[in-house]
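What follows is one structure encoded as structure tokens, with my remarks underneath.
Reckoned from all heavy atoms, side chains included, excluding hydrogens, waters and symmetry mates.
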2 protein chains.
Amino acid sequence: MILKSQVEWALHCCAILAGLPEGRYLSTKALAELHGLPKEYLSKALQSLSQAALVDTTLGPSGGYRLARSSSEINFLDIVEAVEGKARSFTCTNIRENNPCRPAGYCDSKPCAVARIMWEADEAWRDTLRRVRLSDLVGILSEEVRPDLWQSTFEWVLKRAG
Amino acid sequence: MILKSQVEWALHCCAILAGLPEGRYLSTKALAELHGLPKEYLSKALQSLSQAALVDTTLGPSGGYRLARSSSEINFLDIVEAVEGKARSFTCTNIRENNPCRPAGYCDSKPCAVARIMWEADEAWRDTLRRVRLSDLVGILSEEVRPDLWQSTFEWVLKRAG
DNA sequence: GGAATTAAGGATATAGAATATCCGCAAAAC
DNA sequence: GTTTTGCGGATATTCTATATCCTTAATTCC
């Protein structure tokens with residue numbers, strides 16, 4: 001059970017977009033260079049963010065991506081689900097129905113108990129991600145990343161933002 | 001991010017083994033028939049449980065599997081990790097190191113903040129699973145499964161348990 | 001208007017993991 | 001000694017993640 005690497009990419013890209021000044025865009029090319037990622041493939045992850053309406057896009061030179069709403073109104077689950085999908089990590093195939101002792105026409109009143117427990121854990125995972133806002137990440141980074149790197153990165157981005 | 005179907009199989013098999021009388025064993029063949037699963041492949045899942053020391057095995061006719069400890073001393077995480085592995089669902093590839101603005105020899109004091117948050121969610125998932133004991137599942141099933149099916153299944157198992 | 005740049009989406013290729021089967025071995029039961 | 005069992009290795013198949021390429025339409029700038 002491993003998340004796609006695109007999830008990591010999307011989270012880092014959103015953290016960068018969160019630092020963009022109002023109304024400016026950053027291109028796939030710039031985001032790929034900044035993170036050392038394959039441009040074409042990263043583009044797919046960004047398209048997922050776009051389809052989930054987490055980012056706005058614009059075409060042409062000086063085009064690219066920006067957040068569709070403020071970084072305090074976007075949480076980790078939004079981003080993770082945009083890339084990874086909303087399907088639960090545990091899928092119940094109802095193997096209890098294969099029990100040879102089952103009377104014909106036996107009808108279960110509830111979903112399988114095993115599945116319900118696994119889904120509960122899945123919800124706990126989602127709850128944790130839902131509670132962390134993108135702005136929280138930016139806050140942590142701004143404290144932890146050494147000021148010189150923080151600032152030079154910001155300048156690097158601004159130079160390329162349309 | 002999808003768990004292997006073997007996780008579902010292992011959980012259901014453990015629930016059955018939990019109902020086995022002291023000192024008796026149930027074979028892969030019986031467990032596969034009961035759940036309508038491919039015997040050879042289910043065997044791999046049971047081997048994982050055995051390697052994790054969750055079950056004891058014995059060879060020969062009347063051989064098979066039984067729980068290595070009581071069902072109240074085995075939790076869901078034990079079983080899930082035995083089959084799925086203990087690796088975290090989010091793997092950090094440290095793409096922050098690819099930042100072209102990084103001074104040579106820059107050294108991070110902590111793991112990436114993105115990873116730490118993702119790992120926190122992973123821990124919440126594991127915590128939930130850790131809190132559910134196998135005996136809890138058996139308790140739920142004994143209340144929910146219709147008594148006639150519950151009993152006939154129990155008899156079916158006993159007839160095949162060595 | 002024309003050239004360059006961009007996101008979007010479709011088609012395709014590659015790598016690796018999940019799923020599944022088969023075989024030979026050693027231990028235990030009878 | 002025969003049968004049954006778990007175990008491990010080898011192999012095949014299917015599916016997903018990863019990755020690249022190409023076309024199209026929108027936008028910017030000259």
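Here the CG atom belonging to B:Leu17 is positioned 6.0 Å from the CG atom belonging to B:Leu26, to the nearest 0.5 angstrom. In this structure, B:Ile79 CD1 and B:Leu137 CG are separated by 8.0 Å, a value rounded to the nearest 0.5 Å.
The residue B:Gly64 sits close only to the backbone: its heavy atoms come under 4.0 Å of sugar-phosphate atoms, none of a base.
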Summary of protein contacts for nucleotides 20-30 of chain D, nucleotide by nucleotide, where a base hit scores B, a sugar-phosphate-only hit scores S (4.0 Å, heavy atoms):
BBB---BBB--

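Applying the 4.5 Å side-chain rule to ILVMFWY residues, one finds A:Leu158 in the same cluster as A:Phe154. Hydrophobic cluster of B:Ile2: no remaining members, since no ILVMFWY side chain lies below 4.5 Å from it.
Residues in residues 136-148 of chain A take part in these salt bridge (Lys or Arg N to Asp or Glu O under 4.0 Å) pairs, two or more places apart or across chains: A:Arg133-A:Asp136, A:Glu144-B:Lys110, A:Glu144-B:Arg116, A:Arg146-A:Asp148. Under the ring pair (Phe, Tyr, Trp, His ring centres under 6.0 Å) criterion, the residue pairs touching residues 37-71 of chain B are B:Trp9-B:Tyr41, with sequence neighbours excluded. Identified under the side-chain hydrogen bond (donor to acceptor under 3.5 Å, both in side chains) test for residues 18-29 of chain B, with sequence neighbours left out: B:Tyr25-B:Arg66. Applying the side-chain hydrogen bond (donor to acceptor under 3.5 Å, both in side chains) test to every pair with at least one member in residues 45-58 of chain B, sequence neighbours left out, gives these pairs: B:Ser43-B:Gln47.
Separating the CE atom of A:Met1 from the C1' atom of C:dA18 is a distance of 15 Å, rounded to the nearest angstrom. Rounding to whole angstrom units, CD of residue A:Glu84 and C1' of D:dT16 are separated by 11 Å. For the pair A:Leu46 CG and C:dG9 P, the interatomic distance rounds to 13 Å; values are reported in whole Å. C:dT5 atom C1' lies 13 Å from atom OH of A:Tyr65, rounded to whole Å. The distance from atom CD1 of B:Ile2 to atom C1' of C:dG16 is 17 Å, rounded to the nearest whole Å.
Of the residues in residues 89-100 of chain A, not one comes within less than 4.0 Å of DNA chain C through any heavy atom. Of all the residues in residues 3-10 of chain A, A:Lys4, A:Ser5, A:Trp9 reach under 4.0 Å from DNA chain D with at least one non-hydrogen atom. Within a heavy-atom distance below 4.0 Å of DNA chain D, no residue of residues 16-27 of chain A is found.
With sequence neighbours excluded, no residue forms a side chain to side chain donor-acceptor pair (under 3.5 Å) with A:Gln6. Annotation: side chain to side chain donor-acceptor pair (under 3.5 Å) contacts of B:Ser72 (sequence neighbours excluded): B:Ser70.
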Going through the distances and angles, do B:Arg96 and B:Asn94 end up as a side chain to side chain donor-acceptor pair (under 3.5 Å)?
CA-CA 5 Å; B:Arg96 60 179 174 176; B:Asn94 248 321; 2.9 Å; yes

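The nucleotide whose nearest atom lies closest to any side-chain atom of B:Thr57 is, among C:dA7, C:dG9, D:dC7, D:dC7.
Between B:Arg126 and B:Glu81 there is a salt bridge, with a side-chain nitrogen of the basic residue lying less than 4.0 Å from a carboxylate oxygen of the acidic one.
When each of A:Arg130, A:Glu73, A:Arg69 is checked for a side-chain contact (heavy atoms from CB on, under 4.5 Å) with A:Asp78, only A:Arg69 meets the rule.
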